[in-house]
*Asks:* 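Before we start, here is the structure in question, set down as structure tokens.
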Amino acid sequence: MAMWINRNSKKKIGKSWNQWDICLFAAALGFYLFFPFYDGPVWCKDSPSYATMNITREPLYPTFLWIFRRLFGEEGYLMPVVVAQSILAAYATWKLAVTVKEYKDGSRFLALLSVGFQFGVTFLCRFVAVRGSSYIDSIMTEGLGLSLYVLFIVQLCKYVAEQKIKNLGGTAFFAFLLVNLRKQMLVTLCLMAAVFILYELIKERNGKKLLLLLLMTAGIFGVCRFTDKLYNYCVRGAWIEHSGNSMGMLCTLIYTAGEEDAGLFEDETLRGLYEEISAEAERQGLKITYAPQGWVDLSSHYADSYDAIGYGIINPVIQGYIAENYEYTEIEAVLQYDRYCSDMVKTLLGQEKGDLARVYASNLWKGFVNSIARVNRYLNIYAAAAYLFYIGLYTYGVWRKKGWKKRDKSAVMAEIVLGGIAVNAVVVGAMIFCQPRYMIYSMGLFYTALSMLVYDWLKDWKAGKERRRAGV
């Protein structure tokens, strides 16, 4: 009889949990679906390049849009696109919440907090930020990327904590999608490698397993290069990767280079292109010599100069030179453009590194701040305090458990989320300006991980207080 009552009570508890989870998903779905119906699909500056399958774009998002055009027609496909993006966002938010609830003693409060943090990111983008629209209802890679990244982090955390093959498969799957979505998301492979090294080599010294995991990570990279070429072969009949991979770094190197760096070029054509580009950037005040003092102003000047150099000067100069001097097909012209940009990058890396280091340092810290807040005088201080508080709670948790090797779920989440922020800031900061659009992937995750650390600290404090009362 007692066994039947216990089994029946467990069924009731499980049923109530399922009902609560369903209601949570419905709330998330209602929140995210509000934006497409409030704003409609938002057509952005970059949207045409995705819709037209421009050769500079990675394959996933243009293919995603193409599928919806085939299903709903040229005139009516945008609304279904943003509805699908909203459903994915709701699922990702819900999946994070139920994972937190599962890991933290069934805490519905923490689950609701994690949902609130994800909602907050979207709310800030739509109603507080200058852009005035959410990414969820925008025709941009972030419409999928923000949600896919949350799912990637959830799967990676679950794999590290639970060691289940299905979670490793989920991690690899979402990393594959993200890398095919935008090249910035190569950070997912860097993060996977770092996490595997941390746990399998440093913490548990399992070299054989580490080798297999790193081979899998490298395999994902190889498959992504294959799908990039396959996509371009299907779309334009050329077995090539998407164009423009070197242009971003070239913008930064032009920004920090001086007149004397023309002497680095042995090739006369490259030297002539560099001198024309550099002179025009100088004339428009787009170089580091025109940047105000202070790291915030420097990073802002760099951000303002970046696109102006790339799209306003580099592209017209190099593409114009190719058009004037070669009778190339479209594909041949693109390949030649990439060769020129790549060769100029290799040469300009020989410049004096002082200004480049200044730009990178200011851009790197901007990336860390924009990952959890927004760069300004007061929020910079807040961000520093938030990171110190986060690291302090994490360190306390490791000390409290008297060991670093245990796969504690809060510690796993804290390590992976902070690692994702660091990898993203380091990689993006080296290639492009760290605007919020590139950095907010981990914003909601950071505060979710922080809430889990606070929960553990409060739980430990309460237990210690009860032990003191009991005289133990």
Side-chain angles (χ1 to χ4, degrees), residues 58 92 96 121 141-142 145-161 167-168 170-203 210 213-221 224 245 248-249 252 299 357 359-373 375 383-384 386-388 390-391 394 411-450:
E58 293 80 3
L96 174 63
V121 175
T141 52
E142 284 77 12
L146 295 174
S147 304
L148 291 176
Y149 186 78
V150 170
L151 292 170
F152 163 77
I153 292 295
V154 168
Q155 288 298 315
L156 183 56
C157 289
K158 288 177 73 69
Y159 170 68
V160 171
N167 293 325
L168 179 61
T171 302
F173 174 69
F174 288 118
F176 167 77
L177 292 181
L178 284 161
V179 174
N180 278 289
L181 185 69
R182 57 181 300 121
K183 59 180 176 287
Q184 173 195 347
M185 287 294 105
L186 283 168
V187 299
T188 58
L189 302 184
C190 297
L191 178 60
M192 286 171 64
V195 168
F196 295 151
I197 290 170
L198 173 65
Y199 278 89
E200 304 303 338
L201 180 63
I202 298 176
K203 289 191 176 185
L210 172 65
L213 290 171
L214 292 180
L215 285 174
M216 182 201 73
T217 305
I220 297 170
F221 176 73
C224 288
N245 286 330
M249 190 63 193
T252 302
S299 63
V359 170
Y360 182 65
S362 62
N363 204 31
L364 178 64
W365 177 238
K366 185 175 184 177
F368 274 99
V369 174
N370 278 340
S371 295
I372 64 171
V375 170
Y387 280 121
L388 288 174
Y390 185 103
I391 293 170
Y394 166 75
V412 166
M413 178 72 80
E415 290 164 352
I416 290 175
V417 170
L418 187 60
I421 291 173
V423 169
N424 195 37
V426 167
V427 173
V428 175
M431 300 299 295
I432 192 172
F433 60 103
C434 291
Q435 65 168 312
R437 171 186 168 187
Y438 304 139
M439 309 313 300
I440 63 170
Y441 288 83
S442 295
M443 186 176 287
L445 290 164
F446 174 85
Y447 292 104
T448 294
L450 181 60

*Asks:* Please list, chain by chain and in numerical order, all residues satisfying side chain to side chain contact (heavy atoms under 4.5 Å, CB included) with Met249, sequence neighbours excluded.
*Replies:* Leu253, Val345, Leu349, Met431

*Asks:* Evaluate the side-chain hydrogen bond (donor to acceptor under 3.5 Å, both in side chains) criterion for residues Arg437 and Gln435: first the C-alpha distance (whole Å), next the side-chain angles of each, then the deciding distance (0.1 Å), finally the verdict.
*Replies:* CA-CA 5 Å; Arg437 171 186 168 187; Gln435 65 168 312; 5.6 Å; no

*Asks:* Is any side-chain heavy atom of Ile153 closer than 4.5 Å to a side-chain heavy atom of Leu191?
*Replies:* yes

*Asks:* Please report the closest heavy-atom contact between Ala425 and Cys434, naming both atoms and the distance.
*Replies:*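 Where Ala425 meets Cys434 most closely, the heavy atoms are O-SG, 4.4 Å.
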
*Asks:* Check Tyr394, Tyr441, Tyr387 against Phe446 for a ring pair (Phe, Tyr, Trp, His ring centres under 6.0 Å) and give me the one that passes.
*Replies:* Tyr387

*Asks:* How about Asn167 and Gln155: do any of their side-chain heavy atoms sit closer than 4.5 Å?
*Replies:* yes

*Asks:* For the residue pair Val195 and Met192, establish whether any side-chain heavy-atom pair is separated by less than 4.5 Å.
*Replies:* no

*Asks:* Taking the side chain as every heavy atom from C-beta outward, state whether Val412 and Tyr199 have any atom pair closer than 4.5 Å.
*Replies:* yes

*Asks:* Mind listing the closest non-hydrogen atom pair of Ala92 and Ser147 along with its distance?
*Replies:* CB-O, 3.6 Å

*Asks:* Side chains of Leu146 and Met443: does their closest heavy-atom pair fall under 4.5 Å?
*Replies:* no

*Asks:* Are Val160 and Ile416 close enough that some pair of their side-chain heavy atoms sits under 4.5 Å apart?
*Replies:*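 Touching, per the 4.5 Å side-chain cut-off.
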
*Asks:* Could you check whether any side-chain heavy atom of Val375 comes within less than 4.5 Å of a side-chain heavy atom of Trp365, counting everything from C-beta outward?
*Replies:* no

*Asks:* How long is the gap from CG on Leu445 to CD1 on Ile440, to the nearest 0.5 Å?
*Replies:* 11.5 Å

*Asks:* Grab the two heavy atoms, one from Ile372 and one from Ala386, that are nearest each other, plus how far apart they are.
*Replies:*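 That closest heavy-atom pairing would be CD1-CB, 3.9 Å.
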
*Asks:* So, taking the atom named CD1 in Ile220 and the one named CG in Leu186, what distance separates them when rounded to the nearest 0.5 Å?
*Replies:* 11.0 Å

*Asks:* Just by distance, do the side chain of Tyr360 and the backbone of Val426 share a donor-acceptor pair under 3.5 Å?
*Replies:* yes

*Asks:* Before you tell me yes or no, could you show the steps for Met216 and Leu168 under side-chain contact (heavy atoms from CB on, under 4.5 Å), namely the whole-Å CA-CA distance, both residues' side-chain angles and the distance that decides it to 0.1 Å?
*Replies:* CA-CA 10 Å; Met216 182 201 73; Leu168 179 61; 3.7 Å; yes

*Asks:* Considering non-hydrogen atoms only, spot the tightest contact between Tyr149 and Gly420 and give its length.
*Replies:*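 Smallest heavy-atom distance, with atoms named: OH-CA, 3.6 Å.
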
*Asks:* Looking at Thr217 and Leu189, would you say the former's side chain and the latter's main chain have a donor-acceptor pair under 3.5 Å?
*Replies:*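 No, because the side chain of Thr217 does not come within donor-acceptor range (under 3.5 Å) of the backbone of Leu189.
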
*Asks:* Of all the heavy-atom pairs spanning Val121 and Gly444, show the shortest one and how long it is.
*Replies:*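 That would be CG2-N, 3.7 Å.
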
*Asks:* Indicate the atoms forming the closest heavy-atom contact of Asn180 with Cys224, along with that distance.
*Replies:*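 Distance-wise, the nearest heavy atoms are ND2-SG, 3.5 Å.
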
*Asks:* side-chain contact (heavy atoms from CB on, under 4.5 Å) between Leu450 and Val417: does it pass, once the steps are laid out?
*Replies:* CA-CA 10 Å; Leu450 181 60; Val417 170; over 6 Å; no

*Asks:* Taking side chain to side chain donor-acceptor pair (under 3.5 Å) as the definition, give me every residue that meets it alongside Glu200, ordered by chain and number, with sequence neighbours left out.
*Replies:* Arg407

*Asks:* Could you please spell out the steps behind the side-chain contact (heavy atoms from CB on, under 4.5 Å) verdict for Tyr438 and Asn424?
*Replies:* CA-CA 9 Å; Tyr438 304 139; Asn424 195 37; 5.6 Å; no

*Asks:* Is there a donor-acceptor contact under 3.5 Å from the side chain of Asn363 to the main chain of Gly429?
*Replies:* yes

*Asks:* Evaluate the side-chain proximity of Tyr390 to Ile421: yes if any heavy-atom separation is below 4.5 Å, no if none is.
*Replies:* no

*Asks:* Leu156 and Thr188: side-chain contact (heavy atoms from CB on, under 4.5 Å), yes or no, with the steps?
*Replies:* CA-CA 10 Å; Leu156 183 56; Thr188 58; over 6 Å; no

